Every structure is written in structure tokens, then in C-alpha cells.
Amino acid sequence: MQKINHKNLGAFKQFIILMRGGYSVMKTQQLFAGLVLMALSLGTAQADYTLNLMEGVTSISRDIYGLHMLVLWVCVFIGIGVFGTMFYSIYFHRKSRGFKAANFHESAKVEIIWTIIPTVILILLAIPATRVMIEMDDVTESEMTIKVTGWQWKWEYEYLDSGVHFFSSLDEASNKARQLNSGIDPRTVANYLLEVDKPLVVPVNTKIRFLFTSADVIHSWWVPDLGWKKDTVPGFINESWTSVEKAGTYRGQCTELCGKDHGFMPIVVIAMEKPDYEKWVVEQKSLAVANADAATKEWTKEGLITAGEKVYASNCASCHMPDGAGLAGTFPAITASAVVTGDLNAQVDLMLNGKGMMPAFGQMLDPVDFAAVSTFIRNGLGNRVGDAIQPSAVKALQAAIPEIVYDGDDE
Amino acid sequence: MSAVTAEHEHDDHHDHGPEKGFMRWIVTTNHKDIGTLYLFFALAMFFVGGTMALIIRAELFEPGMQFVTPQFFNSMTTMHALVMVFGAVMPAFVGFANWLIPMMIGAPDMALPRMNNMSFWMLVAGVLLLASTLFMEGGAPASGWTLYPPLVLQTGAALPFAIFSVHLLGISSIMGAINIIATIFNMRAPKMTLMKMPLFVWTWLITAFLLIAIMPVFAGAVTMLLTDRFFDTSFFNAAGGGDPVLYQHIFWFFGHPEVYVMILPTFGIASTIIPVFARKPLFGYSSMVYATAAIAFLSFIVWAHHMFTVGMPISGELYFMYATMLIAIPTGVKIFNWTATMWRGSMTFETPMLFSIAFVVLFTLGGFTGLMMAMAPIDFQYHDTYFIVAHFHYTLVPASVFILMAGGYFWLPKWTGNMYDERLGRLHFWLSAVSVNILFFPQHFLGLAGMPRRIPDYAVQFADWNMVSSVGAFIFGFSQLMFVYIVVKTIKGGTGEKVTDEVWEDAAKHSLEWTLPSPVPYHTFATPPKEIPTEHF
């Protein structure tokens, strides 16, 4: 349980705290469920499941948790009343006990009572819900803004204030284990399906505004500990806010069906103390400079192929398959493909601008990664074209793509 | 009831029975034959959709991908829903409507018998067309039954076929609804005023109006998908000035009343069965009618509660929250009325009653989670998780499906003249009632703990409850084979015990069909009955 400052609490929050007394009841249920599971001999070493909503690490997530417990207990009490009456009747008013049926079939009085009481309960529930809803909607006085773009099947993060920008996708260990009949036991993979190659880093106790959009289909960005999810809709921008109160790592997933790898685009948020966060930003900026430098130097073909193999695994393999064989009818093969083994310019052009379901990697990959993966597919996965493209050439091509500018103050 | 029997003896002299042979089932215009066709078709589709559900649960039995590709998994979730909604639950209720509405209101048949035949065969065509997409290049639709763009536009060759199938199913439903409305408005026995109709007839009348209002909306939405994909329109494409969220508004304007299409006739059958076994009139007949109408009205003005996280303005969030919470009031009235019907009755617990009581209890659980999700801020956590999956399955499986089973056991003796095996029926009930909870209750925990819906694989902390859920699914699925066995056995002679005309004690006090002989003759009520049951008034 979090420590709560009781001085500044309104009556509603007092009530919520009262409601949280129910937490110990949930513990009992957990114990009970655990016993049931063991009885079914399913209680493995991996018994760290939860039964209830998590309280989370923001004021909103705690408000939502409080509302959840409130309405849950309201339902439990109504349920006890209704089911209690029903089971009393089922037990005592049965023919086998010789009970003679009454013949009443209406009563204006009880019907009015059981219409009015639920109405009053609903109003009492709607008042705190409205308050929380309005608070969730208020993105004013944000201290920084992060733009989140959903892609099939990864997330793009752009820190509009500091210019830090990167993509975040499922980590390699999970990705290997989740292949059909991979032979790898998911239980041996740390944070299976909930780990990414590059997590989102945010400072604690800072009101952060998030802008959401999508590059292809609708996705939804959800980290349960923050208390909400928001859809990313192509062509539109949604917003939301959070202020994380506790440093730590928080995990979530895409929650809007977005195609075959919908289950494989997790979200990891690392909340850091402010000085650590500042240090991280500086690191990211110098990394960006180093990457830009790398794009200007001359690369060997072998260097590009080696680098490209990794880029392929995290960006291309989910559709074109790890061995480049593609998926008949849906995703073309890379191996022996006419495009990949054909004219270099045509192949690079397809990768830059995309086609159909193939995203435009021109905006997604930096020049080094782009050149590396292009060279890799032409000289690996069973292909032997023999040529290579330099990152500097890719950089020039990318510079020609018009940049989309977002006005930070406007929707 | 001697008047009715006398008329039947009279009928037999110059009236013919069914066609002989196979053609009887193709060309029939008899409401009982068509009812039977609908019911058997729905039962078959219940097993097709159920098999898909078991493929899903088999894949989710353990973390990791064992049996299917993610794309095929998505096809399964999509097709399972479409087949169950449009192939199983809706046709099953139409089957009951065909069998029962004419007999309950004292009419000889449906008002439009030839159209009745046509709507059945169009349903078959629609569902077969939908099923054929499984074998097309790129696979069956895999975007969920909601068919959201832009994702649905990535479907392969199957897209236009799926859309045409929706059109056929829509036409079939609309024709069925027109037929039901025409029958109820024009063919009631002289003394049967609207407020004296059995509740099953009332709930179907309201359902039929819902269908006529919403099926064209769905047809319009999918037609816009068709033109967006093939004719370069941009209804749902922001780059051309459209809006993907517009589709969601249109879809749920159809979709929310659609889920009530599956639950209102459920209410009707429950309100028919519970009084018979409580040996007491239904409590609050008129408030039941008004509550049904209120729920139907509210169903049109709450659609965007399926879209709280889509980025609506705060006014929209609040309005849809308040409107949705209102549904709890008429729904509560119904549950209280059923409880009051049982109160101080003289209850017995034959299989139809067992399924009906389980319906009241488990549907109420689904209603509670519905109330929880109506509260917009909390829905930002619940939305698109297994908590939702648990919610709507509680309102569909132990509700609609249980009541369909209850109705089957309740009327089968009337239809066939043979009694079903009560011992097997009760075994079927207890297996179903226990396993359905093993199947769906843990899904509440999974959702709250953070498991999104429609994922083929999951993080290991979700493993235990998924395994429990899958075990429940297989027990539930295979238990349903018992129902087929019991039905077939009953048709072939049942327990050998011939049932009376009333079948159930004093059933004729409740509704007209129990005044007819068992088994029911091929043609009934050639002249309308002069008296109607007055138990409820």
C-alpha cells in the first residue's frame, strides 16, 4: 500500500481509503485461488499472478483503482441481496418441501422502490466518476511532450522538447521464443513478450503530455500502472497525460487489434529520478551525433552485412520471416526476389517509400541501419548480388523526403 | 380446450401434411418446419463456432506458440464471433420465434410463409459464403468481428466475400423481422390484445424493430469499406478527408442494439419458463414489457461506450457514461421481477428451470461487470482486456446460450410428443454450469491483471489462469455434445413416456401452445382460439 497524506483528502478519497480495506479480503481470495490451483497441481514456480486491478503509480491510476473497488463492492452488496433472496426462495419455496404457491403478481410499491434505489446508487457512482474523468482529460500545464506513433508492429517515440527520437520493438529473446514451435520455453525468457529493445524513459513527478497517432492502422498504447490506454488513430492526434510518482520499470502492451503481430508490440516505460533522466537525454543526444557521424564515413560491405543482419531481425523478419522465405499469399519472399536481386535503386526506393502493407522505412531507419539492411538482403538470405549502398547515399535520399511538422501547441 | 381439438379433427379431413421426402425441407413454408431448420442450422453452427473457440483456447493453454500462426489465430477470433453471432445465436432465436409465435398468439402460420423460407435459405447462403473465406488467399478476415478499418482493408481476397456475406445475412434478418412484426400485428387471436401477449412474443416484437433499424446501418458501413478498398473513396481514410473512427461510430450504432437482439428474446424465454416451474404468475408483466422497451430505446443512444479510449471529447465521454449507466435500471427491474416470481412459489427444478435460474444468476454477474465498464474512467483500464471478454461471454454463453438450451428442453416434449431424459438433462446442466464458470470467471482476473484481448500468446504471469480457462473450455465444449444426444434421443422416442398436452403442470394456464395436442399437429389454429390464458392478469 502506498503512503497517503491524510491531511488533504476530501470525503470521497476518505471513502476510497475505507474501500481499500477490502484489499485484505482480496488477499484472502488470492490465497484461496492459490490453494485451488495447487489442488489442481497447476501451481508452478510462476505463481506471481494477480487477481485484481493494479493501483499503479500515478494519482489518476489510484483514483481509478479507488473507483474500481467502490463499484466492485457496490456490486458485491447488491449481489448478496439479490442472490441471497433468490437462494432463500429456491431452498424454502420448493414443491418438494410442500410449499404452496402464493398468487401475487404485482406491487406498485416494491416496483417503485426497486427502481428508485438503483437510480440513487447510480447517481452516487456517477459523481466521483465524473470528477476523475474531467481530471484525466486535463492536459494543461504539462511540462514536456512525448509523441507516440503506432506502427505495425512497433512504437515510435519522439520527445518534442529535447528532440530525442527512437523506435521501440519487441526484444530479440522474446521474438525468438514466440516463433511457432520455437522449442524455447517462454518461462526461461526474462519478461517474455513484455521487453523491448529500447524503452521509453521519463522523469518522475513531471506532468508529461502524450500525443498519439499512427502510421498505419489503429493501435492502443496501454501501461496499466499509468491507469489508462489511448488509441492511436492514423491521421488524427489524441492526447493524454501522466505524472509518474515512483521511479521504476512499468510494462504494457498494444491493446487494439492491429494485425498479426498485435500481441508482440510491448511497451516498457522506465521512470527515472530527474537528474538521471537529464543524464539519459544527454547520452541520447551524443548517440544521435555519433550515428550521424557514422553515416558520413565509408563502410565496408562486410561491415554493412554484419550490421544489417541485426536490423533485419528486428524490423523485417516478422513479415518476411527470419530466413527470408516470406509468407505465401501475404508477404513476399526476400530470397530470390526479383526486386531485391534486381536494380539497387528500385529496391532502395521501395524500402524508402513503402508499398501496400510494407511501411515506408525511409522515416523509420537511420542511414546506417538502412544501408546495412539493404546490403544484407542483397548479399544474405541466399541472395548474392554483390553490391552495397553507403549510408551517406541513403542520407542524401532521406533528405529529399519532406518532413512532417507538428505544431506542439495545437491539436 | 375441446374446441381446439375439435377444430383439428375437422382440419384433418381436407388438409394435407408435409411433403414427402427431402424436398419437404427445401420448399417448406410451414412455420414449424422452418423453425426446425433454423434450430438445427443454429445447433450445427454452434459446434462450428465452438470448434474455433477450442482452437483459440488450445493455443492459449500455455504461453508460446504451439498450434497456429498469429494471423490464423486472428482469423479464428474473428470467425468465431461472426459464426456465433450471425450463424448460431440469432438463427436459434429466429427458430424459436417461428415455432412459437404463431402458436402463442393463436395464428395458423407466419404472415409471410414464402418469405420465411427465403430468409432461411439466404441465411445459409450467407454463412456458407462467410465460411468459404477460410480457404481464400490471405485467409479469412482477421480484424475482429468489428471489422475496423484501416486494419480490415488489409484483408486478402476474402474482403469482398465477407462483405457480401454480411449483406446476405442482413437481408435475411430484415425479412425475418418484417415477417415477425406482420404476424404479431395482424394474426393475434381476437382476445389477445398487445398487453396480453406472452412475453416471448413481446420481446421478439421489440427485437424485430431493432433488427429493421440496425441491419441496414451495418450493411451501409461495410459497403463503405468496400468502396474504400475498391473504388478509391475515403470514408475512413484520413489522407482523403475521411475518419477511421467514423466507422466505429457507425458500427457500434449497429453493434450495441445487435447485442440486445441476442439478449431480449433470452429475457422473453426466461420470463416464460420461470413462472411455469414456480407455479406462480410472472411478477410485474407490464413492467417487464416497459423495461424491455426501455432497454431497446437506450440501446440506440449508448453506442460510444465501446469507444471510450478512441479520443472523444470530454462531453462525449460523460454523456455516454451517464446514458450507459441508465441501462442498469430497467435491467435491474427484470432481475428483481424474476426473483419476485420465484419468491413464495412452489418450485420444482426440471432441466429448463435449472438453466433458467443459472441464466438469472450468471447474467446478473455479466450485468455487474457491465456496470463497472460503463464508468468511463475505469474503462480506460478495462477496455480491450480479458475483463471485457469475460463480461460479454457471461452475457452470451450462460445467458443467451443457456436460455436456448432451457427453451429446447422446455418445448421439445411439446414438439415431439416425447419426454427427454431428465437425468441426462440435469447432468448436461451441471456439467455446463460448472465448466462455463471455470472457463470464463478466471478471465476477469486475467483482464484486471493486464492481459489484452485478441492476443495469440501472453506473458508468463498470465499462464495459470489461461490454463484453467482452457480446461473449462474443453469440458464445456464436449458437454454440449450431450445436448445433441439428448435431442436426437427425444425425437426418436425419448424415454418412451408419452407426454400430456400440457407437458408441464398447469402450463396451459400460461400460454396457448400448451392447449394444443402433443406432438403438435402440422397445422394448428386454422381458426383462432376463442379463449386465451389469463394467468398473468
Side-chain angles (χ1 to χ4, degrees), chain A residues 37 42 46 48-53 64 67-68 71 75 82 85-86 89 93-95 99-102 105-106 111 114-115 118-119 122 126 129-130 132-133 136-137 178 180 186-187 192-194 217-218 224 228-231 233-235 238 253 255-261 263 329-330 357, chain B residues 63-65 69-71 137-138 144 148 150-151 154 238-239 244-245 279-281 283-284 287 309-311 314 317-318 322 325 328-329 332-333 336 339 342-348 368 372 375-378 380-381 383-384 445 448-450 452 454-457 459-461 463-465 467:
Chain A
L37 280 178
L42 297 171
Q46 288 281 349
D48 55 347
Y49 55 83
T50 50
L51 298 176
N52 199 6
L53 201 62
I64 286 177
L67 276 175
H68 162 75
V71 64
C75 289
V82 174
T85 312
M86 198 182 299
S89 179
H93 304 157
R94 49 169 72 207
K95 200 182 175 191
F99 196 88
K100 291 273 172 288
H105 55 79
E106 57 189 357
E111 288 180 69
W114 71 38
T115 311
T119 311
L122 289 176
T130 305
V132 176
M133 193 66 242
M136 284 171 79
D137 195 60
R178 66 103 174 172
L180 191 56
R187 290 180 176 83
Y192 178 59
L193 297 186
L194 293 178
V217 302
I218 301 172
W228 45 259
K229 60 180 65 70
K230 200 85 178 190
D231 293 3
V233 182
N238 279 332
Q253 281 177 275
T255 40
E256 176 67 52
L257 180 59
C258 57
K260 75 180 182 67
D261 284 352
T330 317
M357 277 181 74
Chain B
M65 300 297 296
T69 63
Q71 181 71 16
E137 194 179 308
Y148 279 1
L151 182 62
Q154 295 180 349
V245 176
R279 291 170 182 72
K280 240 182 98 217
F283 186 88
S287 66
T309 64
V310 88
I314 182 76
E317 305 270 3
L318 292 177
Y322 300 146
M325 290 172 85
I329 299 169
V333 165
F336 300 144
T339 310
M342 290 188 232
W343 185 251
R344 292 181 58 210
S346 177
M347 278 187 269
T348 51
F368 284 149
M372 296 170 83
M375 303 190 39
I378 337 180
F380 276 75
Q381 288 280 36
H383 181 71
D384 268 350
F445 306 143
L448 292 176
R454 291 166 169 166
I455 56 173
D457 194 7
V460 288
Q461 68 262 38
D464 293 346
W465 288 121
M467 193 176 273

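Order of the sequence lines fixes the chain letters, A, B, ..., with proteins taken first and strands second; residue numbering starts at 1 for each chain. Source: prediction; values computed, not measured.
Contact annotation for A/Met136: only side-chain heavy atoms (C-beta onward) come within less than 4.5 Å of a heavy atom of chain B. Within the 4.5 angstrom heavy-atom criterion, atoms from both the backbone and the side chain of A/Leu180 approach chain B. Looking at A/Val233, only its side chain comes within 4.5 Å of chain B, counting heavy atoms on both sides. In this structure, chain A has no heavy atom under 4.5 Å from any part of B/Ala239.
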Review point. Is there a side-chain contact (heavy atoms from CB on, under 4.5 Å) between B/Glu317 and A/Asp137 once you walk through the steps?
Key: CA-CA 10 Å; B/Glu317 305 270 3; A/Asp137 195 60; 5.8 Å; no
Practice item. Report the C-alpha separation of A/Val217 and B/Tyr148 in whole Å, then their side-chain angles, then the decisive distance to 0.1 Å, and conclude whether the side-chain contact (heavy atoms from CB on, under 4.5 Å) test is met. Key: CA-CA 9 Å; A/Val217 302; B/Tyr148 279 1; over 6 Å; no
Exercise for review: List the steps, then state whether side-chain contact (heavy atoms from CB on, under 4.5 Å) holds for B/Met347 with A/Lys95.
Suggested key: CA-CA 5 Å; B/Met347 278 187 269; A/Lys95 200 182 175 191; over 6 Å; no
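Without hydrogens or angle criteria, B/Gln381 side chain to A/Pro224 main chain gives a donor-acceptor distance under 3.5 Å. Counting only distance, with no hydrogens or angles, the side chain of A/Ser89 and the backbone of B/Met342 share a donor-acceptor pair below 3.5 Å. Judged purely by atom type and a 3.5 angstrom limit, A/Asn238 uses its side chain to pair as donor or acceptor with the backbone of B/Val310. Formation of a donor-acceptor pair under 3.5 Å by the A/Lys229 side chain with backbone atoms of B/His383 is found in this model.
Here B/Thr309 is the residue among B/Val245, B/Thr309, B/Val333 with the most heavy-atom pairs under 4.5 Å with chain A. Put simply, of A/Leu53, A/Thr85, A/Thr115, A/Ile64, the one with the most heavy-atom pairs under 4.5 Å next to chain B is A/Leu53. Between chain B and the options A/Ile218, A/Leu122, A/Val82, the largest number of non-hydrogen pairs under 4.5 Å is found for A/Leu122. When B/Thr339, B/Thr348, B/Thr69 are compared by the number of non-hydrogen pairs under 4.5 Å with chain A, B/Thr339 comes out ahead. Chain A forms the most heavy-atom pairs under 4.5 Å with one residue out of B/Pro70, B/Pro377, B/Gly311, and that residue is B/Pro377.
Looking at heavy atoms from C-beta onward, B/Asp457 lies in side-chain contact with A/Tyr192 at the 4.5 angstrom threshold. Looking at A/Glu256 and B/Asp384, their side chains come closer than 4.5 Å, going by heavy atoms from C-beta outward. A/Arg187 is listed as a side-chain neighbour of B/Pro63, based on a closest heavy-atom distance under 4.5 Å. Between B/Met375 and A/Val132, the closest side-chain pair of non-hydrogen atoms is not below 4.5 Å. Residues A/Thr130 and B/Tyr322 meet the side-chain proximity criterion, which asks for heavy atoms closer than 4.5 Å. Counting only heavy atoms from C-beta outward, the side chains of A/Val71 and B/Ile378 approach each other to under 4.5 Å. At least one side-chain heavy atom of A/Phe99 sits less than 4.5 Å from a side-chain heavy atom of B/Arg344. Looking at heavy atoms from C-beta onward, A/Pro118 lies in side-chain contact with B/Phe336 at the 4.5 angstrom threshold.
Residues A/Pro234 and B/Pro244 come closest through the heavy atom pair O-CG, 3.9 Å. Across all non-hydrogen atoms, the minimal contact from B/Met372 to A/Cys75 is CG-SG, 4.3 Å. Nearest heavy-atom pair, B/Pro452 versus A/Gln253, reported as atom, atom and distance to 0.1 Å: CD-OE1, 3.3 Å. Here the closest heavy-atom approach between residue B/Ala238 and residue A/Gly235 is recorded as CB-CA, 3.6 Å. Taking all atoms of both residues into account, the shortest heavy-atom contact from B/Ala459 to A/Leu193 is N-CD1, 4.3 Å.
Here the straight-line distance linking atom NE2 of A/His93 with atom OG of B/Ser346 works out to 10.5 Å at 0.5 Å rounding. Annotation: the span from A/Cys258 atom SG to B/Gln154 atom CD amounts to 9.5 Å, rounded to 0.5 Å. Between the CG atom of B/Leu318 and the CE atom of A/Met133 there is a distance of 6.5 Å, given to the nearest 0.5 Å.
Aromatic pair A/Trp114/B/Phe283: centroids less than 6.0 angstrom apart.
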